[in-house]
Amino acid sequence: GLLVIPILPVIVGEVGISDNITIIYLLFLIDIVFSYFLAYKRSIIYADQKNFIINLVHIAYLIVLNTLQVLILIYTKNYYWYLIIKIVMRILENVVLILIANRLYPVIKEKNVKPLDKVVERDIFKKIKGLFYHKIGSFVVLGSDNIIISTFINVKTVGLYSNYALILNALNNLVSQMFAAITAGIGNLLVEKKKKKNLDVYKNLRFINFWISSFVAISFFVVADSFIGVWIGKKYILELVVVLVLSINLYLQLFRGSINSFKEAAGIYHEDRFVPLIESLVNIVMSIILLHFIGLAGVFLGTIASNLVLHLFSYPKYVYKKLFDKSYFDYYLEFVKYFVTFIVGLAITKFVASLIVVPNVFFALVINILICIVVPNVLYMLIFVRSAEFDYCKKLFLNIIKNFGGRRNEKNA
């Protein structure tokens, strides 16, 4: 982070604000660094499948943080304090989780502990080294788009994209939380080493992952422009082709959730440690090349190309084949089937939305939301109604309703 400071003016380009860009950058950097500070004890809460505790603390953190940041902006209009309060709240969140971990697991406070077995220790460090490559890859892929846009286009375009990025990040975090919560459970499943059972669970989760990912991505494509129009005005709306490419990229990112949970549960970090570097290189090179031909949409097409490195190479080779002992053909057939279905759902939903023209942006937003709730879900029901995965999801849903109804009756009694 510090090494970037000398080249910061080159990356940022022309700046239209009076605040010191270097100080702002350093405050962002401190916030990122402090996200790791005192954070290691939350790992035991994750491993014990009590993610809800971490989520509740994080929700409380977000509520307090957003409230304080709004007050700071209203009463001081000082962007430095806006960022400083985020750092303070970040530290407080980690301190709270440390206190919770110490109380739930007093054993972690014991001083007289035996050293780790050398074989286990070497395995852990080998996987951590592999994970380090993955973190570098994620940093480059997720952070390079803004840098490329500001360097080759302008900072104003970064601002326009950041409004959409805010929505994309919120959707990404929401769906990611769902699949992060089941990773520890998948780890328990993999310990049994029953490949047939593991494959069945994977297929059901993959189907759920597809349905959620495609529904979210389609909704973003159809609703994003009207939402931006209501939120900050029509002049901040991006071109349709850019929103389309962002939607496809969102689908590919979210669709990684289920197979990534199996990957993390199995501790597959060392075997594919060089894949993130390839992914990063593809992202930067393709984004810069395509930007010169088709503009802003080209930047995100480059990100899609890097996403496909994982979907079409890393996941089938290092996860699907290894864990389930199935052929690459089976994986590619499944991937193409779901992707084509998503594109069909996207096209039909957008076509239906285009038939209803409403001048008022607020009513247009409401109608688009209703169309997204109905059209893709009904379409997927018709397509998958006879599949084993749909039957599993239907039974799961009915059991949840039954259990919920039973609890309410017990409460009333």
Side-chain angles (χ1 to χ4, degrees), residues 12-19 66 69-70 73-74 77 79 82 142 145-175 213-254 287 290-304 342-343 345-376:
V12 175
E14 186 181 346
V15 179
I17 60 172
S18 58
D19 295 308
N66 290 332
Q69 284 184 322
V70 167
L73 288 177
I74 291 171
K77 295 180 173 58
Y79 192 54
Y82 174 89
L142 297 176
D145 286 348
N146 279 349
I147 295 173
I148 291 170
I149 295 167
S150 64
T151 304
F152 292 95
I153 305 179
N154 52 52
V155 178
K156 181 182 177 181
T157 306
V158 175
L160 290 174
Y161 164 61
S162 67
N163 299 320
Y164 286 81
L166 194 67
I167 303 169
L168 289 168
N169 290 335
L171 295 172
N172 223 320
N173 291 334
L174 181 66
V175 177
S213 303
S214 58
F215 170 70
V216 170
I218 290 169
S219 299
F220 173 80
F221 181 55
V222 175
V223 172
D225 285 353
S226 50
F227 179 80
I228 294 289
V230 170
W231 176 29
I232 49 179
K234 288 185 177 181
K235 65 179 180 179
Y236 294 99
I237 293 174
L238 291 172
E239 294 177 21
L240 183 64
V241 66
V242 176
V243 182
L244 173 62
V245 174
L246 286 173
S247 303
I248 294 171
N249 188 51
L250 177 63
Y251 166 79
L252 291 172
Q253 283 184 317
L254 297 181
S287 291
L290 291 170
L291 179 147
H292 287 290
F293 287 100
I294 55 176
L296 183 59
V299 177
F300 306 119
L301 276 175
T303 308
I304 288 176
F342 158 65
I343 293 297
L346 183 107
I348 291 175
T349 308
K350 184 64 177 176
F351 174 73
V352 172
S354 67
L355 295 176
I356 306 172
V357 180
V358 181
N360 185 285
V361 287
F362 178 77
F363 287 119
L365 174 63
V366 173
I367 289 170
N368 285 340
I369 290 172
L370 291 173
I371 289 170
C372 289
I373 290 171
V374 175
V375 176

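Only this structure's heavy atoms are used, side chains among them; waters, hydrogens and symmetry mates stay out.
- With a 4.5 Å cut-off on side-chain heavy atoms, Tyr251 and Phe220 do not count as touching.
- Counting only heavy atoms from C-beta outward, the side chains of Ile218 and Phe342 approach each other to under 4.5 Å.
- In this structure the side chain of Val361 never reaches within 4.5 angstrom of the side chain of Leu365, judged on heavy atoms.
- Proximity of Leu346 to Leu244: side-chain heavy atoms (C-beta onward) are separated by under 4.5 Å at one or more points.
- Rounded to the nearest 0.5 angstrom, Leu168 CG and Ser162 OG are separated by 11.0 Å.
- No side-chain heavy atom of Val222 sits under 4.5 Å from any side-chain heavy atom of Phe227.
- A distance of 9.5 Å separates CG in Leu254 from OG in Ser214, rounded to the nearest 0.5 Å.
- Going from atom CG of Asp145 over to atom OG1 of Thr303 covers 3.5 Å, rounded to the nearest 0.5 Å.
- Looking at Asn173, its side chain does come within 3.5 Å of a backbone N or O of Asn169 through a donor-acceptor pair.
- Heavy atoms only, all atoms of each residue included: Val216 and Leu250 are closest at CG1-CD2, 4.1 Å.
- Between the CG atom in Asn368 and the OG1 atom in Thr349 there is a gap of 10.5 Å [rounded to 0.5 Å].
- Of all heavy-atom pairs between Ser247 and Ala217, the closest is O-CB, 3.5 Å.
- From Ile343, atom CD1 reaches atom CD1 of Ile248 across 4.5 Å, with rounding to the nearest 0.5 Å.
- The two residues Tyr82 and Gln69 have their closest heavy-atom pair at O-NE2, 3.0 Å.
- Minimum heavy-atom separation, Gly302 to Leu290: N-CD1, 4.0 Å.
- The OG atom of Ser226 lies 11.0 Å from the CG atom of Asn360; values are rounded to the nearest 0.5 Å.
- Results of the side-chain contact (heavy atoms from CB on, under 4.5 Å) test with Ile167 over Leu246, Ile228, Val223 single out Ile228 as the only residue that passes.
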Exercise answer: donor-acceptor pairs, residues 230-241 side-chain atoms, under 3.5 Å, sequence neighbours excluded:
none

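- Proximity of the aromatic rings of Tyr161 and Tyr164 is defined here by a centroid distance below 6.0 angstrom, and this criterion is not met.
- The side-chain contact (heavy atoms from CB on, under 4.5 Å) check on Ile367 picks up Ile356, Val358, Ile371, with sequence neighbours excluded.
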